[in-house]
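The structure appears right after this line, and notes come after that.
If you're wondering where the values come from, they're calculated on a predicted model, not measured in any experiment. Heavy atoms only: backbone and side chains are in, while hydrogens, waters and symmetry mates are out. Below, read A as the first sequence line, B as the second, and so on, with proteins coming before strands; counting in each chain starts at 1.
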Amino acid sequence: MEHKLYIYNTLSRKKEQFIPIHEDKVGMYVCGPTVYGDAHLGHARPAITFDILFRYLQHLGYKVRYVRNITDVGHLENDADSGEDKIAKKARLDQLEPMEVVQYYTNRYHKAMEALNVLPPSIEPHASGHIMEQIDFTKKILDAGFAYESEGSVYFDVEKYNKKYHYGKLSGRNIDEMLETTRELDGQSEKRRSVDFALWKKAAPEHIMRWKSPWSDGFPGWHMECSAMGTKYLGEEFDIHGGGMDLMFPHHECEIAQSTAALGKETVKYWMHNNMITINGQKMGKSLGNFITLEQFFTGNHPLLSKAFSPMTIRFFILQAHYRSTVDFSSEALEASEKGLERLMDGYARLQKLTASDNSTVETDGLRAKCEEAMQDDLNTPIVISHLFEALKSINLVHDGKATISKSDLDELKSVFKLFIEDLLGLQDESAISGTNDAYKKAIDLLLNIRLEAKQNKNWATSDKIRNELTALGFEIKDTKDGFEWKL
RNA sequence: GGUACCUUGGCCGAGUGGUUAGGCACCGGUCUGCAAAACCGCAUACGGCGGUUCGAUUCCGCCAGGUACCUCCA
């Protein structure tokens, strides 16, 4: 594989060249949603970030197995491995079977992802469907001596693990201090230390979501599913593990500990974390209650939104910032993205209609290389987009008859635009006319040709009437040098 | 309190030890019957104070402000 893709590895805190464990295959695991509520803007970020990576790795020629899980059990309401299961709570409140809640929100998540043109992963395993694997994984950790049973639950022994390995290597946390400060606080708990985390929890009698295990009727701890499912589908060692920065600790730290304890080796080579989306400078999240769901964006049904924003606008907005930067949401910023995207997509449509000349007076060389270079620099999509906007100027110049382009340059430009806009950035034409039939389009063309004739005869009354009435119906009419363009 | 990070022109947002990011908005111009679109031009920005350097927005230190994680969160 001839490339020099660099990605930022949270483990080393620097950009590293991506070299897969296996020659031509890449294994990639990304933490998916806990399905107890609608996906919000924050959920779109990792989905889109790793969608870009998924697409780009495939573009480089890798066969990628992309696993993104659905958390439908084990994710507890609050800390200290107590509290109610999120799914079970929602089910109780809505008087539904837990699996009804899971199905409902999974369907809605899929719908939102599809709207955002996020490709489905290769495998989307549910935690509840992998209880056996999680029990087996827990056994391995017990056998290795890094866990203990207490009152029917099993806990990970962080202190013991840390003596042999390094708990805190991902998040940079100093575990010795954590052990020091928490020593006296324990005692009452089933856990030896408050830093210990549950691998298996015994279910209280009223708890509906429960499975049999050697230790008790209960359910797996939250961190367990990713270790169990990741290694099941990607092997004991795989290339990339992704997720939001907020999962770094404790979730990913615990995952590393579990896998290392059970297997005696590092499972993941590259850890990647996307940054958060903020709103008024603060993280958008469930706990703060300051989130806006994707559906609210699509419908405009939220006090902070000036209008509805299309899925592609959301996608473009996210891609205009680097995935490791925070990006501050505002209606104003989204409107700016919307306009920029429209201009880019109009230019892309226009590109298809350009006619070639004998030679080029515009510079198209190097666009492909520059875009590739930006992608290879830790997926720098904002730079890719800026290059595309630069190239857009050439397209418009040719379109206006102020410049010419040769056949080969035109073909190259079309090819690069398709590759980056459609295939890699995953931006789709959302205009209402795409997909409608030819007869309809021809009818509009006919009307506008009549208008053109009227214009040529200086019959402004007729030409304006046609334009105004079409405009009133929602069409956008643009006169060009020797004709017209329209869209709905 | 611990740890990490951030502070770029009206807004969003890249990036770099000395050369234009890009988008949106504004203003001026070209084009046009008008309009729209398009094109051209237009901002010489990098929190403050020191230091290193021939030269720092970019490196170092201090200060100010902000954020994230340390409990569930993408």
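The existence of a salt bridge linking A/Lys169 and A/Glu253 is excluded, since no basic side-chain nitrogen approaches an acidic carboxylate oxygen closer than 4.0 Å. Salt bridge A/Lys15/A/Asp378: absent, no basic N to carboxylate O contact under 4.0 Å.
Across all strands shown, A/Glu335 has no heavy atoms under 4.0 Å from either base or sugar-phosphate atoms. A/Lys283 comes within contact range of at least one nucleobase, with a heavy-atom separation under 4.0 Å. In this structure, A/Ser463 reaches the bases: a heavy-atom distance under 4.0 Å links it to at least one base atom across the strands shown. Within the 4.0 angstrom heavy-atom criterion, no nucleotide atom of any strand lies near A/Leu41. Backbone-only engagement by A/Asn396 is indicated by non-hydrogen atom pairs under 4.0 Å involving sugar-phosphate atoms exclusively. Within the nucleic acid shown, A/Asp328 comes within 4.0 Å of sugar-phosphate atoms alone, with no base atom in reach, counting heavy atoms only. As judged by a 4.0 angstrom heavy-atom cut-off over every strand, A/Met245 is placed among residues making no nucleic acid contact. In this structure, A/Gly42 reaches the bases: a heavy-atom distance under 4.0 Å links it to at least one base atom across the strands shown. The residue A/Val327 sits close only to the backbone: its heavy atoms come under 4.0 Å of sugar-phosphate atoms, none of a base. Across all strands, A/His273 comes closer than 4.0 Å to no nucleic acid atom at all (heavy-atom distances).
With a 3.5 Å ceiling on both atom-pair distances, B/C26 lacks any Watson-Crick or G-U wobble partner. Across the strands present, B/G65 finds its partner in B/C6; the criterion is a Watson-Crick or G-U wobble pair with both atom distances under 3.5 angstrom. Across all strands shown, the partner of B/C59 is B/G51, judged by Watson-Crick or G-U wobble contacts whose two distances both fall under 3.5 Å.
One P atom belongs to B/U58, the other to B/G2, and the distance between them is 26 Å to the nearest Å. To the nearest whole angstrom, the two C1' atoms, one in B/G17 and one in B/C46, are 14 Å apart. To the nearest whole angstrom, the two C1' atoms, one in B/G18 and one in B/G13, are 24 Å apart. Here the separation of B/U30 from B/A37, taken at their C1' atoms, is 13 Å to the nearest Å. A gap of 15 Å separates the P atoms of B/C31 and B/A36, to the nearest Å.
A close approach under 4.0 Å does not occur between any side-chain nitrogen or oxygen of A/Asn380 and OP1 or OP2 of B/A14. In this model, the phosphate group of B/G23 is not approached by any side-chain N or O of A/Ser386 to a distance below 4.0 Å at OP1 or OP2. Phosphate proximity of B/C39 to A/Lys393: absent, as no side-chain N or O sits under 4.0 Å from OP1 or OP2.
Side-chain proximity of A/Glu390 to B/A74, B/G22, B/A68: nearest is B/G22. Here the side chain of A/Gln320 is nearest to one of B/C12, B/U67, B/G23, namely B/G23. Nearest nucleotide to the A/Phe249 side chain, out of B/C70, B/C12, B/A74: B/C70.
The distance between the ring centers of A/His252 and A/His223 does not fall below 6.0 angstrom. Ring centroid separation for the pair A/Phe156 and A/Tyr161 comes in under the 6.0 Å cut-off. Aromatic ring centres of A/Phe238 and A/Tyr270 lie farther apart than the 6.0 Å criterion allows. In this structure, A/His273 has its ring center no closer than 6.0 Å to that of A/Tyr8.
Nearest heavy atoms, A/Gly27 versus A/Leu234: CA-CD2, 3.8 Å.
For A/Phe389 and B/G23, the ring-to-base geometry does not satisfy the stacking test (centroid distance below 5.5 Å, interplanar angle below 30°).
To the nearest angstrom, C1' of B/A37 lies 11 Å from CZ of A/Arg343. We find that CD1 of A/Ile279 is positioned 14 Å from P of B/C12, with the value rounded to whole Å. Residue A/Leu334 contributes atom CG, which lies 18 Å from atom P of B/G23 at whole-angstrom precision. Rounded to whole Å, the distance from CG on A/Asn275 to P on B/U7 is 12 Å. Here B/A74 presents its P atom at 9 Å from CE of A/Met276, a figure rounded to the nearest Å. Put simply, OH on A/Tyr323 is 13 Å from P on B/A14, counting in whole angstrom units. A/Ile466 has its CD1 atom 17 Å from the C1' atom of B/A36, to the nearest Å. Residue A/Leu392 contributes atom CG, which lies 19 Å from atom P of B/A21 at whole-angstrom precision.
For the atom pair CZ (A/Phe417) and CG (A/Leu427), the distance works out to 11.5 Å, reported to the nearest 0.5 Å.
A donor-acceptor contact under 3.5 Å links the side chain of A/Arg467 to the base of B/A35. The base of B/G33 sits with one of its N or O atoms less than 3.5 Å from a complementary donor or acceptor on the side chain of A/Asp464.
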